[in-house]
Structures are given as structure tokens and as C-alpha cells.
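What you see below is based on every heavy atom in this structure, not just the backbone, and it leaves out hydrogens, waters and symmetry mates. We name chains A, B, ... by the order of the sequence lines, and we start the count at 1 in each one. Since we're looking at a predicted model, the values are computed, not measured.
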There are 2 protein chains.
Amino acid sequence: MPRIAGQIDLAKGEAILDAAIQVLSERGLSASMEEIARRARVSKQTIYNHYGSKAELIAALVDRRVADITAPLEMPGADEHPEEALASYARIMLRALVNPRASALMRLYIQGATEAPDVARAVFEAGPKASRARLAAFLARETAAGRLAVDDPAQAAEFFGGMVAGTYQLSELLGVDRGLTEPQIDHIAAEAARRFLRAYGV
Amino acid sequence: MPRIAGQIDLAKGEAILDAAIQVLSERGLSASMEEIARRARVSKQTIYNHYGSKAELIAALVDRRVADITAPLEMPGADEHPEEALASYARIMLRALVNPRASALMRLYIQGATEAPDVARAVFEAGPKASRARLAAFLARETAAGRLAVDDPAQAAEFFGGMVAGTYQLSELLGVDRGLTEPQIDHIAAEAARRFLRAYGV
DNA sequence: TGTTTTTTGGACCCTCGGGTCTAGTTTTCG
DNA sequence: CGAAAACTAGACCCGAGGGTCCAAAAAACA
């Protein structure tokens, strides 16, 4: 965030963040401030006017993008049939996770895990952990309503999350895949939901 | 690998690789050659006698460690009951993947995915991909024998792999967890195998 | 033992990149 | 319009690190 409330151009601050996210995604943590400045069509000094250092710039960037991760985690509506709710949850997850942009960011967090463990932890808790917790709560609710038979909701949630995202996400992180098409997403989501229901149905 | 067959000390080459793997795991791709030399109790020049550059050193290191990834992927024996075979497969996978050393290496590959895509691809194909392929073949065999009802073995294998490794691996990559204890591994493996059998049983 | 090769440690070169400084221009606002 | 604050372009400082060089010590080998 801009350090002073004076006449600083807020829009430039945003442009810098946008450029930073681009360049860092492409080049990793070792991206240079010069290239970020060039991409943002801004002088290097201006970056230092807005964010005091490279570390602060990255922190600001993470703060802003954590919201993007957290957003698509909304729980499936409790009124649907559990199978459809699970499939819809899976679709949301796949769309959010298995694409080049999300993977580039995730790679960034992983890269920083050693130097800035608190950042990585925050991302983990705002992302996967929160997501699984909501899913677990949903599973517990459905079990109480007699529509599912889940004895350990937390573990079941991890299983389902892993089924859906596991391999695809790893291959994306290694840069092997080119993302999934919408029909592929539909198919995986539907199939995962169907199998999960067989495994945990009443 | 050592470049000349002369009087070069082969053991030193190994010591260098060992040190390199340690330091790179801790510090990431940006680890300095000086620290590797220090850790290997060797002069920097000696490293350059054995491996021409930092890139070559890392390539040699990856070559040697790919074997370690591939090793523990042996398929469960076909004579066991499928549930026990799956549980054993899951245990092997968890032990191999969810520990600080393996995660540090995987982080390295992910970090290099942008600069050296071929390396990342090789790791992926020698590791997860080969593992899933063997599991899929096993599932197909068991289905042919009438002990399972798997219509799409490749997808089922990804589901099982994801269930077992998915979340735990991601949290390790982000440096959040401290690995799993042996009883935890047993429990997860057994439960995953049990649920998978309910989902895909005859 | 003498020759050849390797190893060592440390100085050294050079590039890259974070961060600062400056001088001049543009913007904002009273 | 005039003053204060921001912005720009680019030079600049400095530390880090890849890679090379060198003279002396240590092995290896015949």
C-alpha cells in the first residue's frame, strides 16, 4: 500500500502491482525491479515511492491475491442433491486451481516457503485449509441429515479435495500440462462426485 | 559426472553431489557455489573440475535423484487382496513423498519449471506419471479378474493417488506440516484403500 | 624418486540487481 | 499563477555470486 496520503497516484500503485504479478509469475522471485518498472511504464523510483522495498512489494501483492484464492471457495448450496453440490464444488475448485495463472502464483508461494514461511502459511490457511474446512462442515451437515454417512468429515474432505485437484495441480506446478478444458472439468467433477458418493453414501 | 578419466577423485564427485543436494534443498536454486564447496569440504575450483558449471552440477544432481523417486513405485503384489495391495501402495507413496527431504527436492523442480521445463517434465514422467500408470495397470488387471469394477483405470488411479497424497503434499510444499508419523500413515492408507474399494468395488 | 595431474585457498574479474541520488519535468492544489 | 509534491530517466553505489587464474601443496603413478 502507498506509504503517504499525499498526492501519490493510487492508480499507479495498482499498475505496479499488476505488472509485478505478471513479471514475478514469469520469472519467479528473482525477477528484477527494473523489469517490473518497465512493464508498469513507471520509473523505478516510483515503485520505491509506493512500496519501500522489493519485499514490501511482494507482501502487498500476496495480500491482494489471497482474496482471489479465497473467493471461489463458497460452499455448495445445501438445498441441492449432495452429488450435484459436490460436483459443483469440484468444478469451482478445478477452474480456480488448474490454470497457468494460479499455478504461477502458487509456484511463487512455494518458492518463498523457505524464506518467508509466514506468507506460505497464510496462503495455505486462506486457501486449501479454509476450503477443506467448509467442505468438511458440509459433509457433517449432510451426514446429520441422513443423506451421507461420513464418519470423519475432515479426512473425507481431504480425500475429495485430493481426488479432484491432486494430480492435475502437481502437473501444473511442474509446468507439464496446459490446463483443462471446460468439458474435461465437467467430466472429472461429475465422476469424482459420483465415486465419492459411492464411497460415503448411506 | 566427472569430465575426464584421469586421476580425478570419483569419491569427491559424490561428496560434491551430496553437499549440493543439501544446500540446494535448504537455500533453493539461488544457493551459492561457495557454500556448496564449503559443505563438501572441497575447493570451488574442484567443483568446476568435476562439473563445468552450476547448471551441469544441478543436472547431474537431478539425474541421480530421479532414481530415488522412481525406486519406491513398485506395484503391490498381485497376489494380495486388492484392499491390502492398495493400502500398501498408499503407504509407500506417503513415506516417499510426505517428508521434508522429498518436499525440498520437489520444490527445487517446481522452482526450475520455468527455466528448465525439460527437467521438470522428466521428473514428472519418472515420478507421478509412471507411478499412476502402474497403478492403473493394476486396477485394470484386478477388474479383468473380477475383483474390482473400474471402468476408467487411468482416472481411477489419479483419484486414488490424489486422495492419498494430494493435500498432504501441498501442505509440505508450502512448508506448513512437519511430515506424518508412521501411525498416521497407516491410518490414512488403510482408510483410503477402504473407501476406494467401496467406490470401485464390484 | 621424479613426473604428472589434482587439489587447494584465495585473489580476482565481471555481471546483475537492489536501492539511492540528482536534475529536470509534470501534476496537483490553493 | 505559484508552491509543493510526484514522476521520470538515467547515472551511480555496493554487495553477492558465477566463474577464472595462480602458486603452492598433495596425490597418483611409473
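- Across the protein-nucleic acid pair, K54(A) atom NZ and dG17(C) atom P stand 9 Å apart, rounded to whole Å.
- Across its full length, the helix from dT1(C)-dA30(D) to dG30(C)-dC1(D) shows an angle of 20° between the axes of its 5 terminal pairs at either end, rounded to 10 degrees.
- With no hydrogens or angles considered, a side-chain donor-acceptor pair links S131(B) and Y89(B) at under 3.5 Å.
- Side-chain contact between L29(A) and I58(A) is present, with at least one heavy-atom pair separated by less than 4.5 Å.
- Looking only at distances, a side-chain donor or acceptor of R107(A) sits under 3.5 Å from a matching main-chain atom of L173(A).
- Spacing between atom CD1 of I36(B) and atom P of dG19(D) amounts to 11 Å, rounded to whole angstrom units.
- Among L24(A), I21(A), V123(A), the one residue that satisfies the side-chain contact (heavy atoms from CB on, under 4.5 Å) test with L105(A) is I21(A).
- The residue A31(B) sits close only to the backbone: its heavy atoms come under 4.0 Å of sugar-phosphate atoms, none of a base.
- If you measure from atom CZ of R38(A) to atom P of dC7(D), you get 20 Å, rounded to the nearest angstrom.
- V62(A) places a side-chain heavy atom less than 4.5 Å from the side chain of Y109(A).
- Residue-level contact check: S53(A) touches the backbone only, with heavy atoms under 4.0 Å from sugar-phosphate atoms and none from bases.
- Look at CG on L29(A): it is 14 Å from C1' on dG18(C), rounded to the nearest Å.
- Atom CD1 in I47(A) sits roughly 14 Å away from atom C1' in dT20(C) (whole-Å rounding).
- Taking F159(B) as the reference, nothing meets the ring-ring contact (aromatic ring centres under 6.0 Å, His included) condition, with sequence neighbours excluded.
- Between the NE2 atom of H50(A) and the P atom of dA6(D) there is a distance of 9 Å, rounded to whole Å.
- To the nearest angstrom, C1' of dA16(D) lies 13 Å from CD of E35(B).
- Atom C1' of nucleotide dG18(C) and atom OH of Y51(A) are separated by 18 Å, given to the nearest angstrom.
- For the residue pair T181(A) and Q184(A), a side-chain donor N or O sits within less than 3.5 Å of a side-chain acceptor on the partner.
- The shortest side-chain heavy-atom distance between Q155(A) and R195(B) does not fall under the 4.5 Å cut-off.
- A 4.5 Å side-chain heavy-atom check between I188(B) and Y168(B) finds at least one atom pair inside the cut-off.
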Short heteroatom pairs, N/O only, protein and nucleotides 8-15 of chain D, under 3.5 Å:
unit_1, atom_1, unit_2, atom_2, d
dT8(D), OP2, S43(A), N, 3.1
dT8(D), OP2, T46(A), OG1, 2.4

